[in-house]
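Please read the structure below before turning to the comments.
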Amino acid sequence: MEHLTIGKVARRSGTAIETIRFYEREGLIDKPARSSAGYRHYCADAVARLRFIRQAKELGFSLREVKELMSLRATPGKSCSDVKARARQKITDIERRIASLTRMKRALVKLAVACSGKGPLSACPILEALEAQDMT
């Protein structure tokens, strides 16, 4: 079995060394064996796990959710439908965030259009709106 240094694992997985150490502390990857000199020696499956984590994070899953997804695989009685349910929940969450971002964008566009970009700050419609209670 090939033992990899943290540098090799970082390069192969596209993950920063400090991130790998953080994931170890958080229990997302197993703590590796240590050499007599104290160097970490990872198994090749650490690279696959780190790639999984990176991909899941790119899809919007939090570290807590990533941990839950990884634990599903090891839980007897769980099936693909359990993973699909998590994906559907994430889709709903993303749709909510998109709607929120769209509302923010609309409000900012409205404020930017109202501002000529000239005059004193005391008469800036953007700052006035930000000081107001309700901007919508």
Side-chain angles (χ1 to χ4, degrees):
M1 176 174 4
E2 181 182 18
H3 292 285
L4 305 170
T5 64
I6 196 167
K8 284 183 183 176
V9 170
R11 280 189 298 283
R12 290 183 186 181
S13 67
T15 307
I17 289 172
E18 284 306 313
T19 303
I20 294 171
R21 290 181 182 136
F22 173 75
Y23 289 165
E24 280 178 35
R25 289 190 302 273
E26 294 297 309
L28 287 159
I29 60 171
D30 295 332
K31 292 197 182 290
R34 298 268 186 163
S35 70
S36 58
Y39 292 105
R40 290 172 168 89
H41 283 252
Y42 294 88
C43 297
D45 65 338
V47 173
R49 184 166 268 224
L50 287 165
R51 285 179 180 159
F52 177 93
I53 294 167
R54 194 181 76 236
Q55 288 293 109
K57 285 185 56 56
E58 286 178 12
L59 290 173
F61 289 98
S62 68
L63 288 182
R64 178 187 56 79
E65 292 167 329
V66 171
K67 205 181 259 191
E68 290 170 0
L69 286 171
M70 290 189 305
S71 73
L72 284 175
R73 186 174 289 231
T75 305
K78 294 296 180 182
S79 70
C80 190
S81 67
D82 297 299
V83 177
K84 184 176 181 175
R86 303 288 172 115
R88 292 238 183 251
Q89 289 171 351
K90 183 50 62 182
I91 291 166
T92 299
D93 179 50
I94 290 168
E95 287 170 343
R96 267 191 249 122
R97 286 191 281 163
I98 289 170
S100 176
L101 288 169
T102 301
R103 283 190 301 277
M104 287 189 280
K105 179 184 174 187
R106 256 185 273 145
L108 282 171
V109 166
K110 197 170 154 182
L111 291 173
V113 166
C115 182
S116 68
K118 299 177 184 166
L121 286 177
S122 60
C124 178
I126 296 173
L127 293 177
E128 288 174 5
L130 292 173
E131 291 172 350
Q133 291 290 346
D134 185 20
M135 294 189 322
T136 55

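Please read these numbers as outputs of a predicted model, since none were measured by experiment.
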Taking the side chain as C-beta and beyond, is there a heavy-atom pair between [X] and [Y] under 4.5 Å?
{"X": "Phe22", "Y": "Leu28", "value": "no"}
{"X": "Ser100", "Y": "Met104", "value": "yes"}
{"X": "Met70", "Y": "Phe52", "value": "yes"}
{"X": "Leu59", "Y": "Lys90", "value": "no"}
{"X": "Arg96", "Y": "Asp93", "value": "yes"}
{"X": "Pro32", "Y": "Cys43", "value": "no"}

Can you tell me how far [atom2] of [Y] sits from [atom1] of [X], rounded to the nearest 0.5 angstrom?
{"X": "Arg40", "Y": "Leu4", "atom1": "CZ", "atom2": "CG", "value": "14.0 Å"}
{"X": "Ile53", "Y": "Ile20", "atom1": "CD1", "atom2": "CD1", "value": "9.5 Å"}
{"X": "Glu18", "Y": "Tyr23", "atom1": "CD", "atom2": "OH", "value": "12.5 Å"}
{"X": "Leu130", "Y": "Leu111", "atom1": "CG", "atom2": "CG", "value": "6.5 Å"}
{"X": "Arg97", "Y": "Thr102", "atom1": "CZ", "atom2": "OG1", "value": "12.5 Å"}
{"X": "Phe61", "Y": "Ile94", "atom1": "CZ", "atom2": "CD1", "value": "7.5 Å"}

What residues form a side-chain hydrogen bond (donor to acceptor under 3.5 Å, both in side chains) with Glu68, not counting sequence neighbours?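 For Glu68 the side-chain hydrogen bond (donor to acceptor under 3.5 Å, both in side chains) partners, ignoring immediate neighbours, are Arg64, Arg86.
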Does Glu65 reach the main-chain N or O of Ser62 with its side chain, forming a donor-acceptor pair under 3.5 Å?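 Pair found, side chain donor or acceptor close to backbone of Ser62.
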Exercise: identify the closest heavy-atom pair between [X] and [Y]:
{"X": "Pro125", "Y": "Cys115", "value": "CG-CA, 3.6 Å"}
{"X": "Val66", "Y": "Lys57", "value": "CG2-CG, 4.3 Å"}
{"X": "Ser81", "Y": "Ser79", "value": "OG-OG, 2.8 Å"}

Using the rule given for side-chain contact (heavy atoms from CB on, under 4.5 Å), can you reason through Val47 versus Tyr42, listing the C-alpha separation, both sets of side-chain angles and the distance that settles it, and then say yes or no? CA-CA 9 Å; Val47 173; Tyr42 294 88; over 6 Å; no
Pairwise side chain to side chain donor-acceptor pair (under 3.5 Å) hits with a residue in residues 6-17, at least two apart: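 Only Glu2-Arg12, Ser13-Thr15 qualify under side chain to side chain donor-acceptor pair (under 3.5 Å).
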Leu121 atom CG, over 12 foreign heavy atoms within 6.0 Å: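 No.
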Tell me if the CZ atom of Arg34 is crowded by more than 12 foreign heavy atoms within 6.0 Å.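 It does: Arg34 CZ has more than 12 such atoms within range.
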Could you see if Ile17 belongs to whatever hydrophobic cluster contains Leu63? Use Ile, Leu, Val, Met, Phe, Trp, Tyr and a side-chain cutoff under 4.5 Å.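 Per the 4.5 Å side-chain linkage, Ile17 and Leu63 are co-clustered.
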Do you reckon Tyr39 sits in the same ILVMFWY cluster as Leu50, going by side-chain contacts under 4.5 Å, direct or chained?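 No, separate clusters.
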Test side-chain contact (heavy atoms from CB on, under 4.5 Å) on Thr19 and Arg54; report intermediate values, then the result. CA-CA 11 Å; Thr19 303; Arg54 194 181 76 236; over 6 Å; no
